[in-house]
Protein chains: 2
Amino acid sequence: MYRKNVEQKGKLNPHVSVDCAIFGFDFEELKILLIERVKPTEIPNDYFFRNISLPGNLILDNEDLDTSAKRVLRELTGLDNIFMEQFYTFGDPNRVKSKYDEEWLKSIREEPTARVITVAYYSLVKLDKLNLHAASFAQNASWYPVSKIPDLAFDHNQIVYKAIQSLKHKLHTEPIGFELLPEKFTLGQLQKLYEIILNATLDKRNFRRKILSKKVLIPLMEKQVGVPHKQAQLYSFDKEKYEEMRTEMVGFDF
Amino acid sequence: MYRKNVEQKGKLNPHVSVDCAIFGFDFEELKILLIERVKPTEIPNDYFFRNISLPGNLILDNEDLDTSAKRVLRELTGLDNIFMEQFYTFGDPNRVKSKYDEEWLKSIREEPTARVITVAYYSLVKLDKLNLHAASFAQNASWYPVSKIPDLAFDHNQIVYKAIQSLKHKLHTEPIGFELLPEKFTLGQLQKLYEIILNATLDKRNFRRKILSKKVLIPLMEKQVGVPHKQAQLYSFDKEKYEEMRTEMVGFDF
DNA sequence: TCAAAAGTGTTCGGTTTACACCCATGA
DNA sequence: TCATGGGTGTAAACCGAACACTTTTGA
């Protein structure tokens, strides 16, 4: 059914796929969205096997790589306009690592033995925008803390590792943290996000000073409600202003 | 002949290529190595056309992407152990931009209309190690200043642009400048390299202080000779020490 | 009244910047 | 002797790091 769904939209290119490392932040941990497929197997005394992997798919033959990655995201999350960036391409001829991988490919691909290279993207989603029960939210997708990622199919553990590296690096140089937070957020939430992704503890006063000095946060006329402590000022990210500033100056460090 | 030469080594994968942006530095400018192929054409009154492009080739079917890029480099320059890094993958279905591109593909490819996505690498070579007259230095390859790059085949102008961006970025965060200089170099040469690649002027005293404070340059017992001014101290880059330091600390800025 | 996070300034030390003159060499 | 790049120190501005207490709220 999955295959059919895709084929309606064009001819699959059996040689190139995209895989997406989709990150979310729940104010506690950095999470990654993985899909699990269960398939009966012919191996005796082993009637099912689990195939946990990154969401991804073969590209369509008339489709740009970015478009393809966006499609994978939309099919899985129902979301458009998600922050997304290509970070690396994996092409080890031995990417298929186990008998399970082979079995799995046989069950979903027209050309299961074709060599496939995969272009990997990471993307950042605002969890509050995501409706996990949307009809479009297909398959057995679930969020895993990046600190507890299981054994994945193919070379996906390696891809996830590199995705996290790239994310960390990007967080140092561009204001992408906001992509993981709701439109309205507190400085405390932002700080926690930085601390968790960078795996460091930051000084509250210094962090606030630094972030506010960038002049890309808009303080809202609104405060947090329903928290058992002092209500924090809410801010939103001024993307337009940031884009302006970025074109003017070089090296806008975060 | 070119095709045959490659096919001896394995079966070509007609869907994926690698392209290499090879940079060199002659103490004056940053240069890039481009190849030019001239082919008779059937277009009336237009008996030849020029095809200037990045060196690149289809990958072999049993070959890793990095290996493939190394092969392209070795076939062209005769050099092994060159600094090399994958920076982006280009997969626009309309990468073939002109009638010339189509013609060219027809003359060299088994499947000239197949869609090809290309994994792009940049690499840095020490010009003094390169023997332009080596037998292995095939085809009409020549160095172009990056400030004067002609119209290239396919989407290669775009690839070059992104390669230069990546190189600049990398130069800020890692000591890759040494890869473009001879083993023994002066601080003046190093500074000039930074100034040219980053397109900025740097203060001599501050530059020296900063570079020397990293403690990865070994002052040699040797001075420049044959220059019509004071002879400069020669240095070499202590790669081992740098690797050590890098694993210990994070964020070794250049 | 308690727990939990919000909010707020100052000091210190290191880093970055700006800046100018004499030196050694080959032509 | 001239043109060319090599080599050097210091002061001021700036930036990052460290650090502690009061406030507001809901439970």
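For the numbers below, each heavy atom of this structure counts, side chains included, while hydrogens, waters and symmetry mates do not. Please read all numbers here as calculations on a predicted model, not as lab measurements. Here is the naming used below: chain letters follow the sequence lines, and residue numbers restart at 1 for every chain.
- For the contact set between residues 219-227 of chain A and DNA chain D, defined by any heavy atom under 4.0 Å, the members are A:V227.
- Interatomic distance, B:D238 CG to B:E243 CD, rounded to the nearest 0.5 Å: 10.5 Å.
- Interatomic distance, B:R71 CZ to B:D66 CG, rounded to the nearest 0.5 Å: 12.5 Å.
- Counting to the nearest Å, the P atom of D:dG6 and the CG atom of B:L212 are 13 Å from each other.
- The aromatic rings of A:F178 and A:F237 lie parallel to each other, their planes meeting at an angle below 30°, with 60° marking the opposite boundary.
- Distance, A:I211 CD1 to C:dG7 P: 14 Å, rounded to whole Å.
- In this structure, A:Q231 does not reach the D:dT24 phosphate: none of its side-chain N or O atoms is under 4.0 Å from OP1 or OP2.
- At a threshold of 4.0 Å, the pair A:E179-A:K239 counts as salt-bridged, since one of the basic side-chain nitrogens sits closer than that to a carboxylate oxygen.
- Partner of A:F23 under the side chain to side chain contact (heavy atoms under 4.5 Å, CB included) criterion, chosen from A:I164, A:L127, A:L33, A:V125: A:I164.
- The nearest whole Å value for the distance from the CD atom in A:Q189 to the P atom in C:dA4 is 18 Å.
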Distances for protein N/O vs nucleotides 1-3 of chain D N/O pairs under 3.5 angstrom?
none

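- The CD atom of B:Q224 lies 6.5 Å from the CG atom of B:L234; values are rounded to the nearest 0.5 Å.
- Whole-Å rounding puts the B:F207 CZ to C:dA18 P distance at 16 Å.
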Using a cut-off of 4.0 Å between protein heavy atoms and nucleotide atoms, how would you tag nucleotides 8-18 of chain D 5' to 3' with B, S and -? BBB------BB
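- A distance-only check finds a donor-acceptor pair linking the side chain of A:T118 to the backbone of A:S17 [under 3.5 Å].
- Atom CG of A:L234 and atom P of D:dT24 are 17 Å apart (whole Å).
- Formation of a donor-acceptor pair under 3.5 Å by the B:D203 side chain with backbone atoms of B:N206 is found in this model.
- Per the geometry, NZ belonging to B:K230 stands 10 Å off P belonging to D:dG6, to the nearest Å.
- Heavy atoms only, all atoms of each residue included: B:Q233 and B:L220 are closest at OE1-O, 2.6 Å.
- Counting non-hydrogen atoms of neighbouring residues, nucleotides and ligands closer than 6.0 angstrom, the CG atom of B:N81 reaches no more than 12 such neighbours.
- Going from atom NZ of B:K192 over to atom C1' of D:dG7 covers 18 Å, rounded to whole Å.
- What separates CG of A:L187 from P of C:dA4 is a distance of 21 Å, to the nearest Å.
- Salt bridge B:K241/B:E244: absent, no basic N to carboxylate O contact under 4.0 Å.
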